[in-house]
2 protein chains.
Amino acid sequence: MYSFTEENYLKNILKLHLGGTQVISTNVLAESMHTKASSVTDMIKKLAVKKLLKYEPYRGCVLTNLGKSVAVTTLRKHRLWETFLVNTLSFSWDEVHEVAEQLEHIQSDKLISQLDAFLGFPTHDPHGDPIPQLDGKIATSAFFTLDKAKSQNQLIVCGVLNHTTDFLKYLSKYGIQIGSHLSILQINAFDRSIDLLLNEKQQFNLSNEVVKNILVQFIKQVA
Amino acid sequence: MYSFTEENYLKNILKLHLGGTQVISTNVLAESMHTKASSVTDMIKKLAVKKLLKYEPYRGCVLTNLGKSVAVTTLRKHRLWETFLVNTLSFSWDEVHEVAEQLEHIQSDKLISQLDAFLGFPTHDPHGDPIPQLDGKIATSAFFTLDKAKSQNQLIVCGVLNHTTDFLKYLSKYGIQIGSHLSILQINAFDRSIDLLLNEKQQFNLSNEVVKNILVQFIKQVA
DNA sequence: TTATTTTTTTAGACAAGTCTAAATATTTTT
DNA sequence: AAAAATATTTAGACTTGTCTAAAAAAATAA
Ligand SMILES: [Mn+2]
Ligand SMILES: [Mn+2]
Ligand SMILES: [Mn+2]
Ligand SMILES: [Mn+2]
């Protein structure tokens, strides 16, 4: 129905919307698409004709409901495939994104619904991001970033904001993954780094730059 | 590395080679690609420049070893994905081809090797076609078509030559699938149709047109 | 409010892949 | 061996998506 390129534009606009931007400017979208502003202008004019977004010259664009639904479906497919790659095919969380970028464009409703069922209707992908449901609803994250934590907090790692291979490999090297337990020992005021205890065993320090990209929640007391 | 289109051309040429044709003519390839002869001429010139095939104007083309290896890999991916769709995601054998046509172009060596392992290193796809191995070897079929059978033969269905949804649905309606047992009751000389017994239960007649497209082998006596 | 900088759009070009119509080659028939 | 039929290639055009360079609009600074 829609080309890979169109789906990628819509998905990137959606991500920018989800990041809190109402109207997406040409330059911001060009950055996000790793392309030039002139290419973006051409493309958003075409997407506007197809009623996938609203476009005001020199003002930027906003997804229509139609465009949003295409984008959400693409994001859903991306995250389901990432889950499949990690849970079923033993990929590590830093290896899945590139492959999911390809798989998300496969067109088959049955494929996605069967995959969803096979995976047991997962709610979050391997990076802790919510998987949009069939009806288009995306769970809003109840998680907060580790730099908001207080001393003595008992936390559990739920996701990451930075999805780059480098960052994920860095976390993996320390043994940090989704589900890891973190106890905050001390917050260092001078550089905002955090001393913590991982899984009640290893103790180390994480820089503020790292800490800002780790999503956590309080450990739930299971009665 | 290679575009979807290039992979599709190479895969179609390989299929024609496997069908017994040494040199592939422009018109035959155009038919196979559902495109026009002039488009084929353009494309094979490009593939020749890339050393994927040898091309003699007005004479036709032949895959090089490089082209053959790309084509075989694509065919391997196609058949592994078909196997996944049927074995893991509960697709029926007449629903998988279109989706596999898309999935076969996903680029990730790890994806394919992990999928192969997950499926238990299958040797044949859901239509009974051999899955090319990593080294490029394609098992030659030890099967024969049902129209070669003799009266009293005890056979097992191993594959099909016609892969269309219509044909596969037709077989499924009668309950014929890979692994079905067939006993030849009678061969009717006048129309070359066959009366047979399916799985020692149902008895019916299959036309010569149908019978020519079913691959079988003798039932092996397992001691 | 005018001048300068930044952002966005337009103009024109290019690559991939396809098509139709016309020109050549090749094969088959007479 | 020439004529007719068939197969193949060339020429020119079109679509999608991209780019650079230049023009125009908007935002910011003076
Ligand atoms: Mn991803
Ligand atoms: Mn993810
Ligand atoms: Mn197939
Ligand atoms: Mn098959």
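Proteins come first, then strands; the chains are lettered A, B, ... in the order of their sequence lines, and each starts at number 1.
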Next item on the list: Using a heavy-atom cut-off of under 4.0 Å over every strand shown, decide if Thr26(A) touches base, sugar-phosphate, or nothing.
Entry: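 Sugar-phosphate contact only - Thr26(A) comes under 4.0 Å of backbone atoms but never of a base.
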
Checklist line | Single hit among Asn8(A), Thr5(A), Thr35(A) for side chain to side chain contact (heavy atoms under 4.5 Å, CB included) with Met43(A) | finding: Thr5(A)

Interatomic distance where [atom1] belongs to [X] and [atom2] belongs to [N] [whole Å]:
| X | N | atom1 | atom2 | result |
| --- | --- | --- | --- | --- |
| Leu47(B) | dA16(C) | CG | C1' | 12 Å |
| Ile44(B) | dT18(C) | CD1 | P | 13 Å |
| Glu56(A) | dT7(C) | CD | C1' | 16 Å |

Is [X] near enough to [N] that one of its side-chain N or O atoms lies under 4.0 angstrom from OP1 or OP2?
| X | N | value |
| --- | --- | --- |
| Tyr58(B) | dT6(D) | no |
| Arg59(A) | dT9(C) | no |
| Asn27(A) | dT8(C) | yes |
| Lys45(B) | dT10(D) | yes |

Tell me which donor-acceptor pairs under 3.5 Å the side chains of residues 48-62 of chain B have, and how far apart each pair is, sequence neighbours excluded?
{"residue": "Lys50(B)", "atom": "NZ", "partner": "Glu6(B)", "partner atom": "OE2", "Å": "2.5"}

Check: For Pro132(B), does its backbone N or O pair with a side-chain atom of Arg76(B) as donor and acceptor, under 3.5 Å?
Finding: yes

Next item on the list: Measure from the side-chain N and O atoms of Asp135(A) to the backbone N and O of Lys137(A), and report whether any donor-acceptor pair falls under 3.5 Å.
Entry: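 Flag set: sc Asp135(A) to bb Lys137(A) pair under 3.5 Å.
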
Next item on the list: Summarise protein proximity over nucleotides 12-21 of chain D in one line of letters, 5' to 3': B for base, S for sugar-phosphate only, - for none, counting protein heavy atoms closer than 4.0 Å.
Entry: -----BBBB-

Item checked: Watson-Crick or G-U wobble partner of dT20(C), both distances under 3.5 Å -> dA11(D)

Check: Can you check whether Asn213(A) reaches Glu209(A) side chain to side chain, under 4.5 Å on heavy atoms?
Finding: yes

Notebook entry, point to check: Between Glu95(A) and Ser92(A), is any side-chain donor less than 3.5 angstrom from a side-chain acceptor?
Noted result: yes

